[in-house]
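Report on the structure given below.
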Amino acid sequence: MKTPGRMLAAAAALLIVSCGRSERTSAPAAAAKTSSPTAATAVNAAVYMCPMDRDVRGYGPGKCPRCGMALVTSIPDPVEYLVDVTTAAAPQPGVPVQLNFGITDPWKGNPVTKFMEVHERLYHAFVVSRDLQFFVHGHPEWRNNRFEYQVTFPKPGMYRVLSDFYPEASVPQLSASTLFVGDVEPNPRPIVLAKDYAPKQGENVGVSMASIPDAAIAGMPTRLRFALDQVTGFEKYLGVWAHMLIASDDLIDMMHTHPSIANGGPEVEFTVVFPRPRTYRLWIQLQRNGTVNTVHFDVPVRAMPEEGARVRGFDGSMVPFHRSGPLGPGGSKVHG
C-alpha cells in the first residue's frame with residue numbers, strides 16, 4: 001500500500017507452519033527423535049511471495065491466486081519512483097490529447113527504461129474526473145523512451161491520473177498525478193456522494209453488491225461481495241477475474257485491487273481496508289463473452305469507533321470493538 005507521499009508495502013502476513021502432534025507411545029525417547037519430513041523441508045526451502053500482495057506466500061514457484069503475478073523469492077525494499085505526466089499543449093475538453101509518462105528513479109533521477117508486465121501490460125493508467133463521472137482504464141504504449149496514451153477529456157476541470165507499473169528489479173508502483181483541462185473549472189469543490197448499493201447493469205451482465213459489515217469502518221477490513229445475474233461466459237480480464245479501482249470523494253485516496261475470492265462463477269468478493277472516513281466510489285471491471293463490463297457503486301466509510309464500542313460483525317451480530325489484532329488481508333495497493 002501507499003500512504004500520503006510515499007508507498008507502503010501491502011499488508012504482509014506471517015507464515016506459520018504447524019505439524020501434528022504424535023500420539024503417545026511406549027517409547028517416547030524414540031518418538032522424540034523422529035522429525036516431520038515436511039517440516040524439515042519447509043525450514044530449508046526458499047519462501048516465494050507475490051511482489052504485489054506480500055501476504056501471499058509459499059514454498060514453491062507459481063502465480064499469485066489473487067492478482068496473477070509470478071511469485072518471487074526476493075523483493076527489494078519499497079521505494080517510490082517519480083512519474084512526470086506531460087502534454088504537448090494544454091489539454092482542452094473534447095480534443096484528443098497525448099499524455100506522455102516519463103519515469104525516473106528515486107536515487108539519481110535517471111530515466112527508467114526497463115519494466116515488468118503487470119496483468120499482461122507494461123503500464124496501466126486510470127483517469128478519473130473530479131466529479132467522478134468520467135472513468136478510463138487504459139494502457140499506454142512504450143515509444144520514444146516513454147509511455148504514451150491518447151485520451152479525450154469530456155469537460156473542463158481537474159482530473160486524476162493513476163499510474164500502475166513495475167520497474168525492473170524493483171517493486172510494483174502506484175503513482176497519482178493531477179491534470180487540469182480547460183481554462184475555467186466549473187466546480188472546484190469535491191463531489192458529495194451518498195450510499196449507492198443499487199444493482200447496476202453492465203454491457204452484458206447485471207451486478208449487485210453487499211458489504212460485510214454493512215457499515216464500512218476506516219482502517220478495518222470490509223468484504224465487498226458482488227453477485228452477477230449470469231452464470232456462464234466469464235473470462236479473466238488482464239490476467240485476473242476482476243479489477244477494481246476505488247477513489248475517495250476528494251480524490252486523495254486511490255486504490256487498485258483484485259478479488260480475494262473468485263473462480264469464474266457468478267460471485268466475486270474483494271477485501272478492502274478503507275484508509276479514511278469518507279465516501280468512496282468504486283468501479284468494478286469484469287469480462288464476459290469478450291466484453292468488458294464496468295459498473296460503479298458508492299460506499300460510505302465511518303470513522304473507527306472508540307475502544308469498548310460495539311460494531312456489527314461479519315455474521316451480522318453486535319460484538320465488542322477492540323483495537324488490538326491484525327487487520328487481515330488487504331490485497332490492494334493504495335495511493336494517497
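Computed from heavy atoms alone, side chains included, the values below leave out hydrogens, waters and symmetry copies. The model shown is predicted, which means the values in this text are computed figures rather than measured ones. Positions are given from 1 along the sequence.
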Does any part of the side chain of Q98, heavy atoms only, come nearer than 4.5 Å to the side chain of N100, both counted from C-beta?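 Yes. Closest side-chain heavy atoms under 4.5 Å.
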With rounding to the nearest 0.5 angstrom, report the [atom1] to [atom2] distance, [X] to [Y].
X: Q287; Y: E235; atom1: CD; atom2: CD; value: 5.0 Å
X: F270; Y: L282; atom1: CZ; atom2: CG; value: 8.5 Å
X: N145; Y: T113; atom1: CG; atom2: OG1; value: 7.0 Å
X: S163; Y: L99; atom1: OG; atom2: CG; value: 9.0 Å
X: D164; Y: R121; atom1: CG; atom2: CZ; value: 13.0 Å
X: H139; Y: E120; atom1: NE2; atom2: CD; value: 9.0 Å

Whether over 12 other heavy atoms sit under 6.0 Å from [X] [atom1]:
X: K195; atom1: NZ; value: yes
X: E203; atom1: CD; value: no
X: R288; atom1: CZ; value: yes

Quick one: do R160 and T178 satisfy side chain to side chain donor-acceptor pair (under 3.5 Å)? Show the steps, please. CA-CA 5 Å; R160 292 279 273 175; T178 302; 3.0 Å; yes
How are the rings of H137 and H124 set relative to one another: parallel (under 30°), tilted (30 to 60°) or perpendicular (over 60°)?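 H137 and H124: tilted rings.
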If you apply the rule side-chain contact (heavy atoms from CB on, under 4.5 Å), what do you find for V128 with L251, and how did you get there? CA-CA 9 Å; V128 180; L251 282 182; 3.9 Å; yes
When clusters are formed by joining ILVMFWY residues with side-chain heavy atoms under 4.5 Å apart, either directly or through shared neighbours, do Y197 and Y280 land in the same one? yes
May I ask you to check whether [X] and [Y] place their ring centers less than 6.0 Å from one another?
X: Y123; Y: Y149; answer: no
X: F226; Y: F297; answer: yes
X: W283; Y: F126; answer: no

Hydrophobic cluster of Y237, others only, ordered by chain and residue number, side-chain cut-off 4.5 Å: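 Answer for Y237: L238, V292.
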Checking the side chain of [X] only, and the main-chain atoms of [Y] only, is there a donor and an acceptor separated by less than 3.5 Å?
X: N289; Y: T291; result: no
X: D105; Y: N110; result: yes
X: S208; Y: P199; result: no
X: K155; Y: F153; result: no
X: N293; Y: N204; result: yes

The test is side chain to side chain donor-acceptor pair (under 3.5 Å); show your working for S175 and Y81 and say whether it passes. CA-CA 8 Å; S175 178; Y81 283 62; over 6 Å; no
Does a side-chain N-to-carboxylate-O contact under 4.0 Å join R278 and D253? no
